[in-house]
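Report on one structure; see the data block that follows.
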Amino acid sequence: MRVFVAFIVGLVLFSCSSQKTELKTGVWRGVIELQGQQLPFNFEIAKEGQEYKAYLKNAGEKLLLDEV
């Protein structure tokens, strides 16, 4: 029993590491479900300096998502 408790405590402590996660940049495809139908859209994640920016893509148009 003690071994099991020690294993669980070690697992919890190990999983609480402070690693930074990075977003994968590039073009992505999203889908929104509206009124029982799917609405696909493309968006791009770009890293500019230390911050990430998201853009909606529509043909040759690129719209910055600065508000949600």
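Here the structure is a predicted model, which is why all the values come from computation and not from measurement.
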Gap between atom CG of Leu65 and atom CG of Leu63 - 0.5 Å precision:
7.5 Å
Could you tell me which non-hydrogen atom of Thr25 sits nearest to which non-hydrogen atom of Lys47, and how far apart they are?
CG2-N, 3.9 Å
For Gln37, I'd like to know if atom CD has over 12 heavy atoms of other residues, nucleotides or ligands within 6.0 Å.
no
Do you know the tightest heavy-atom contact between Val31 and Phe41?
N-CE2, 3.7 Å
Linked, directly or transitively: Leu39 and Phe43 (ILVMFWY side chains, under 4.5 Å):
yes
Nearest 0.5 Å please: distance from the OH atom of Tyr55 over to the CG atom of Asp66.
10.0 Å
Atom CG in Leu56, atom CD in Glu44: separation rounded to 0.5 Å?
11.0 Å
Distance (rounded to the nearest 0.5 Å) between Trp28 CH2 and Ile45 CD1:
8.5 Å
